[in-house]
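Please read the structure below before turning to the comments.
Just so it is clear, the structure is predicted and the values come from calculations on it, not from any experiment. Below, chains carry the letters A, B, ... as their sequence lines are ordered, and counting in each starts from 1.
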Amino acid sequence: MELAKSFEPADIERRWYPEWEAAGYFDAGLDADKSAAFCILLPPPNVTGTLHMGHGFNQAIMDALTRYHRMRGDNTLWQPGTDHAGIATQIVVERQLDAQGISRHDLGRERFLEKVWEWKEFSGSTITRQMRRLGTSPDWRRERFTMDAGLSKTVTETFVRLYREGLIYRGKRLVNWDPVLRTAVSDLEVVQEEEQGHLWHIRYPLVDGSATLTVATTRPETMLGDTALMVHPEDERYRHLLGKMVRLPLCGREIPIIADAYVDLEFGTGCVKVTPAHDFNDYAIGQRHKLPMIPILTLDARINDNAPTAYRGMDRFDARRRIVADLESEGLLDKVEAHVLKVPRGDRTGVVIEPMLTDQWFVAMSKPGADGTSIAGKALACVAAGEIRFFPENWVNTYNQWLTNIQDWCISRQLWWGHQIPAWYGDDGRIFVAHDEEQARADAAEQGYHGLLQRDPDVLDTWYSSALWPFSTLDWTPDYPACSNPALDLYLPSTVLVTGFDIIFFWVARMVMMTRHLTGRIPFRHVYVHGLIRDAEGQKMSKSKGNVLDPIDLIDGIDLEALVAKRTSGLMNPGQAEQIEKRTRKEFPSGIPAFGTDALRFTFLSLASPGRDIKFDLSRCEGYRNFCNKLWNASRFVLMHTAGQDLGLALGVGGDDGSAALSCADRWIVSQLQRTEAEVAQHYADYRFDLLARAIYEFVWDEFCDWYVELAKVQLQSDSEIRIRATRRTLARVLETVLRLAHPLLPFITEELWQAVAPIAGRKTHPSVMLAAYPVAQAEKVDTDSEARVAQLKALVYAGRNLRGEMNLSPARRVPLLASGDSRLLGEFAPYLKALCKLAEVQIVDELPANANAPVAIVGDTKLMLQIEIDLAVECDRLNREITRLAGEIDKAKAKLANASFVARAPTAVVDQERKRLGDFVATLDKLEAQRARLRCG
RNA sequence: GGGUGCUUAGCUCAGUAGGUAGAGCGCUAGCCUUACAAGCUGGAUGUCGGCGGUUCGAGCCCGUCAGCACCCA
């Protein structure tokens, strides 16, 4: 088979993926006889668009793990699927309709949902197509969607169970309300952002007219709903006013002055207004002091009829301006200060969130369930007990801290896209939670209600169904564990969850809580938490910043114009287009070249250092594309010298042409390979993909290509057929092993090369490398003798090359070398030295000629002399520099050894090592000085 | 206010038994050496954020300060 001169990924990728998939190689392993099972759940991508770099990163890791375990022979499942992403998806579709001038209300719920399903089909298939481009190997036949019938059934079942257990309840509470979406959102969906605002100082007159109290507020419009003023109980300034009434400006209502230690004496005037219906802290205070709650906003954040007529129907921000103006004209505005405050905004819409008193459904987090422990308590316990481990470990703190201070989870959303809440209401307000309407009706009849039933129109928070993902995707049924299935038995819990730290709360903690509570099992054993992919400047990638990269564009390449067009289209704020274009043209003046999937994956894995975000660096990607090319060309070399040749594969070990024929170099590279294999296994166990990638990179490039292949070239010139065969065999087998070793990181190139190399190496055990056995280190092949000898050889080669460099010899110029030292060893090394140092010949002598004006290098007991006429001054200068350097090292070593404390307290091995270093330095120095004397340097 | 992480070569980052500071990219000199110019060979570049402590010995452990980033309230 003839390989192209350089690595061309596109064609290879196009060919192999469909073949793997069609052959069923990704299918779940369900072999009950195997002891090991490995499972990863794909964090289901949202069906809101396309994959981004974060997905690529996340999936490169998961696919490496999956392929690794599959090759190790474990029962293996990578469970794929997508998430309906309630709010996000509904927004996308609504925006599309908006562009046609249609609102969802024009369509009605049913037709709107049809539109969303159409979008879901389109987006879902885009995502899975992109995943295929990344070479991922999940079991596509098991693909699930959070709103599939089976998963929806699980949602309903668990909701009913938790309701009956008293852990899901409905109630009127103050919740985070997004007035644009007109839905409640959970605490996690609100981001607090620091913004420049104002602090308005407003005068509230006492009813008795004796004085006015000044209150500082960041939200003057909420005063319409004030039901008290509040001061600190120990605040001397106000103590005499406690219990008195003030008149609420603009409204005329009389409200009391109360005391509560919550008040910060230092902030503002030390006197604050209390609006229990529109502020979370005030809500708590209102309950403590039994204050009335007066909501003053409608669900779209306009002033409602509880307010004076003048403000009714006004938008909250218009009302703010108007109220401030009115206060000013009444002389009640004391002053306005600039003030930095935290503004709550919806993470999807960016709109200011309004605390709003509404009826919602909640999951009780810290209330004990039927078994006496709470859902959050269970989640804390299984991590504390070590059943679930985090990598890196310190994320446990974040997890614990959140669960310890957790609030009840608001799970109802006033949306259409999602799982509709299985609750039906009677005309009398009674609630019947049931699996379906029929059952609700039966329940109602049993309780004596025979009237109309109306289903709750709301849907569940997307994360509710996501929380069930570990078992819902494995076809859990309500009869579990009495009734199960092989996949559920094998893969719950899964082995490791691979995810970014940004969804530890949203998803990880909730999966632990729900899975543990509902199935009694933990959802997964390990949680590998990785960082976020950022742009080259460390900025978060986002459409609005115009700095997103599409992983597919790094694979296929993209020209500048297309990239600019992509980044500037569909912006929420088209005004940003110009700047985005400018930046893009500056950062990618010639677009992005095609790196191929393997290079991209290798880049992701190399950058996956724990506890660190990733500034994505295109030059790294380029470097790993070059690495792929290196591997490709090394394989070409090996194939050139082995294809159609006799490798002596049939000959037994120990025979004439068996392992006895292996040279020192052959044994050395095999030995290094074992060490690399062992190292790789350890890095997989520790989830250190950065070190893993580097171990493979260094073995392939630094040891195999730079050294072994060069040494093999010499051996292939040997006149011993036995030696040549052994070399061919070593080349082929080491390469074949490397291809298997690297396959989980570089699936495509390794497959393509393995198909050519494995048969030659006599190792075509399977139709695909992804099914072949993963290499396992064999301790008996570690050969410290040959390692030491090759280390010596390397040192001589380095010394020879260095001499050439120092003497400014052109690489084309071949010169003779004289060597003195261990003549047996030098005899063995001579052919290698000759080739690797580009020498005309290597002559082994007892003593170097005394009076030659030639450069000499000292390596241990060996002296190397290049036979060239040189400028005496240059060589003396070089010797002097080397002598000075050594003298410095000797001084340091001597000082260390003269330190009695060091000799007495440091471990013997360290002291011995230091003595040896000193001895070596002194010996080398002596020889250098002798050489300098011979040359009669000045 | 509470918490976490980071600060090592020009850039991006490794350095997890405390024992002679590393890689890639970039820079530089020279090479189309029959696997690879996406390459080969040689070279330069570091008060390991500051200060203090523990230790025979600190990039690594402890304390403290500074700067940056993020999370929670």
* Asked: Do A:R534 and A:Q539 meet the criterion of a side-chain donor-acceptor pair at a distance under 3.5 Å?
  -> no
* To do: Return yes if a side-chain donor-acceptor contact under 3.5 Å exists between A:D690 and A:S606, otherwise no.
  => no
* Reckon A:Y798 touches a base, only the sugar-phosphate, or nothing at all at heavy-atom distances under 4.0 Å? -> sugar-phosphate
* **Minimum-distance nucleotide to A:S901 side chain [options: B:rG24, B:rC56, B:rA14]** => B:rC56
* What stems, by residue range, does RNA chain B take part in, given at least 3 consecutive Watson-Crick or G-U pairs under 3.5 Å? -> B:1-7 with B:66-72, B:10-13 with B:22-25, B:27-31 with B:39-43, B:49-53 with B:61-65
* To do: Using distance alone, with no hydrogens and no angle criterion, decide if A:Q645 and A:H641 have a side-chain donor and acceptor under 3.5 Å apart.
  => no
* If you measure only the distance, is there a donor-acceptor pair under 3.5 Å linking the side chains of A:Y697 and A:D702? -> no
* What pairs meet the side chain to side chain donor-acceptor pair (under 3.5 Å) rule with one or both residues in residues 794-815 of chain A, with sequence neighbours excluded? -> A:E703-A:K794
* Mind checking A:R804 for me? I need base, sugar-phosphate or nothing, with any heavy atom below 4.0 Å counting as a touch. => nothing
* **Residues which pass salt bridge (charged side-chain N to carboxylate O under 4.0 Å, His left out) with A:E393, listed by chain and number, not counting sequence neighbours** => none
* Asked: Which of these nucleotides, B:rG19, B:rC25, B:rG24, is closest to any side-chain atom of A:S619?
  -> B:rC25
* To do: Could you verify whether a donor N or O on one side chain and an acceptor N or O on the other, from A:S718 and A:Q715, lie under 3.5 Å apart?
  => no
* Structure fact -> Sorted by position of nearest nucleotide on RNA chain B, 5' first, the leading residue of A:R917 and A:R905 is A:R917
* Asked: Can you give one letter per nucleotide of nucleotides 68-73 of chain B, 5' to 3': B if a protein heavy atom sits under 4.0 Å from the base, S if only from the sugar-phosphate, - if neither?
  -> ---SSB
* B:rU4 P sits how many Å from A:I504 CD1, rounded? -> 14 Å
* Structure fact -> With sequence neighbours left out, the residues meeting salt bridge (charged side-chain N to carboxylate O under 4.0 Å, His left out) with A:E354 are A:R219, A:R316
* **Contact letters for nucleotides 31-40 of chain B, in which S counts primed atoms plus P, OP1 and OP2 and B counts the base, heavy atoms under 4.0 Å** => S-B-BBSBSS
* Test the A:K892-A:F921 pair against the cation-pi criterion, namely NZ or CZ under 6.0 angstrom from the six-membered ring centroid and within 45° of the ring axis. => no
* To do: Would you indicate which nucleotide in B:rG19, B:rU4, B:rG24 comes nearest to any side-chain atom of A:N397?
  => B:rU4
* No-hydrogen, no-angle side-chain donor-acceptor test under 3.5 Å, A:H530 and A:Y687 -> no
* Working to the nearest 0.5 Å, report the span between NZ of A:K896 and CG of A:L918. => 11.5 Å
* Asked: Would you say a side-chain N or O of A:R694 is under 4.0 Å from OP1 or OP2 of B:rG15?
  -> no
* Tell me whether the OP1 or OP2 atom of B:rG43 has a side-chain N or O from A:N802 closer than 4.0 Å. => yes
* **Spacing of A:W395 atom CH2 relative to B:rG3 atom C1', expressed in whole Å** => 11 Å
